[in-house]
S.K.: 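Just passing along the structure, written as structure tokens.
Sequence lines set the chain letters: A, B, ... in the order given, protein chains first and strands last, and positions in each chain run from 1. Note that this is a predicted model, so its numbers are computed, not measured.
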Protein chains: 2
Amino acid sequence: MDSRTPRPGVPVRGSESGRPVMAALDLLGRRWALRILWELSQSPAGFRELQRRCERMSSSVLNTRLNELTDAGLLTMHGDGYQLTRLGEDLVDALRPLNAWSQRWADENAASVRVRP
Amino acid sequence: MDSRTPRPGVPVRGSESGRPVMAALDLLGRRWALRILWELSQSPAGFRELQRRCERMSSSVLNTRLNELTDAGLLTMHGDGYQLTRLGEDLVDALRPLNAWSQRWADENAASVRVRP
DNA sequence: CATAGTGCTTCGATAACCGAAGCAGAGGAG
DNA sequence: CTCCTCTGCTTCGGTTATCGAAGCACTATG
């Protein structure tokens, strides 16, 4: 098991402070991490199913992320696949405003593109 | 200028769909992106000041991120440094629940560590 | 028995990131 | 004016993360 999984209270990539939000930014800033949580919030899925949903993401990275997120207590694995823990669901809830924001972002971006084609 | 800045409506790393939230996950999933927004939400800062706050992050990556985030319309640069746009501030607001969540994460993590020392 | 599915691993290639150094320009001091 | 210092930014060689194809061990099904 990779012991470099970001944890609150411990120095992480880019911050020695150990502040929880810094550990979160490190964990979630790694590639595919947010996406995996997002997909599992839609519905639980097995390894290969996740890989398909994320347009053939590398299996080695998927495995690494699954281990990290499991270590961090955000998801668990049963016989029928991976699913979010209570804590993982809460994180996805906390990330929900991001969905609404991205829509506004799309609108403003379309507007700013429209004036210079 | 790097034209690979993720934008809503355009295919990005890991998703061909062009869905806004996927573009957001790509943009924000890159290293230091969330952190830079976070720091600028505390207060505007110049290039080297940002570098200091982020514990000597590489200047090349900082420059790349600043360009991407500016391209995406999340921040602007004046004579007195970089600062968030309205859209950038909204994003930080949307990310605010993450702060609260990370605190709960820290609590639960401390609890689960305590039972197996 | 063969076939197809699973979770996961290995490994060479590529892309992202790091870190130290340096450049050009804008001041301020002497 | 020169010298010094600060700025935003660039370059480049080395390290790390990620990719992608292949394969392993196992289970289930026919």
S.K.: Quick check: on DNA chain C, is the nucleotide nearest B/S59 upstream (toward 5') of the one nearest B/R65, or the reverse? Name the residue that is more 5'.
M.R.: B/R65
S.K.: Nearest to the side chain of A/Y82, which nucleotide is it out of D/dC19, C/dG7, C/dC18?
M.R.: C/dG7
S.K.: Looking at B/R31, I'd like to know whether one of its side-chain N or O atoms comes within less than 4.0 Å of OP1 or OP2 on C/dC18.
M.R.: yes
S.K.: Taking the side chain from A/R65 and the backbone from A/W32, do they hold a donor-acceptor pair closer than 3.5 Å?
M.R.: no
S.K.: Rounded to whole angstrom units, what separation is found between the CG atom of A/D80 and the P atom of D/dA28?
M.R.: 14 Å
S.K.: Verify, without hydrogens or angle tests, whether A/T76 (side chain) and A/T85 (backbone) share a donor-acceptor contact under 3.5 angstrom.
M.R.: no
S.K.: How long is the line joining CD of B/E49 and P of D/dC6, in whole Å?
M.R.: 13 Å
S.K.: Between D/dT10 and B/N63, is there an OP1 or OP2 to side-chain N/O distance shorter than 4.0 Å?
M.R.: yes
S.K.: Starting at the 5' end of DNA chain D and moving along, which residue's nearest nucleotide shows up first, A/R48 or A/V61?
M.R.: A/V61
S.K.: Please determine if a side-chain N or O atom of B/W32 lies less than 4.0 Å away from the OP1 or OP2 oxygen of C/dC18.
M.R.: yes
S.K.: What I want to find out is whether B/R86 reaches B/E89 closely enough, with some N-O distance under 4.0 Å, to be called a salt bridge.
M.R.: no
S.K.: Grab the CG-P distance between A/L50 and C/dG7 for me, whole Å please.
M.R.: 9 Å
S.K.: Evaluate whether atom CZ of A/R19 has more than 12 neighbouring non-hydrogen atoms of other residues, nucleotides or ligands under 6.0 angstrom away.
M.R.: no
S.K.: Looking only at side-chain atoms of B/R52, point me to the closest of D/dT7, D/dG8, C/dC17.
M.R.: D/dT7
S.K.: Using atom CZ of A/R13 as one end and atom C1' of D/dA17 as the other, report the distance to the nearest whole Å.
M.R.: 9 Å
S.K.: I need the CG-P distance between B/L66 and D/dG8, as an integer number of Å.
M.R.: 10 Å
S.K.: Per the side chain to side chain contact (heavy atoms under 4.5 Å, CB included) rule, which among B/L28, B/L75, B/L34, B/L84 passes with B/L91?
M.R.: B/L28
S.K.: Rounding to an integer number of Å, can you tell me how far A/I36 CD1 sits from C/dG7 P?
M.R.: 13 Å
S.K.: Give the rounded distance in Å between these two atoms: CG of A/L62 and P of C/dG7.
M.R.: 9 Å
S.K.: Report the distance from atom CE of A/M57 to atom P of C/dT14, rounded to the nearest whole Å.
M.R.: 22 Å
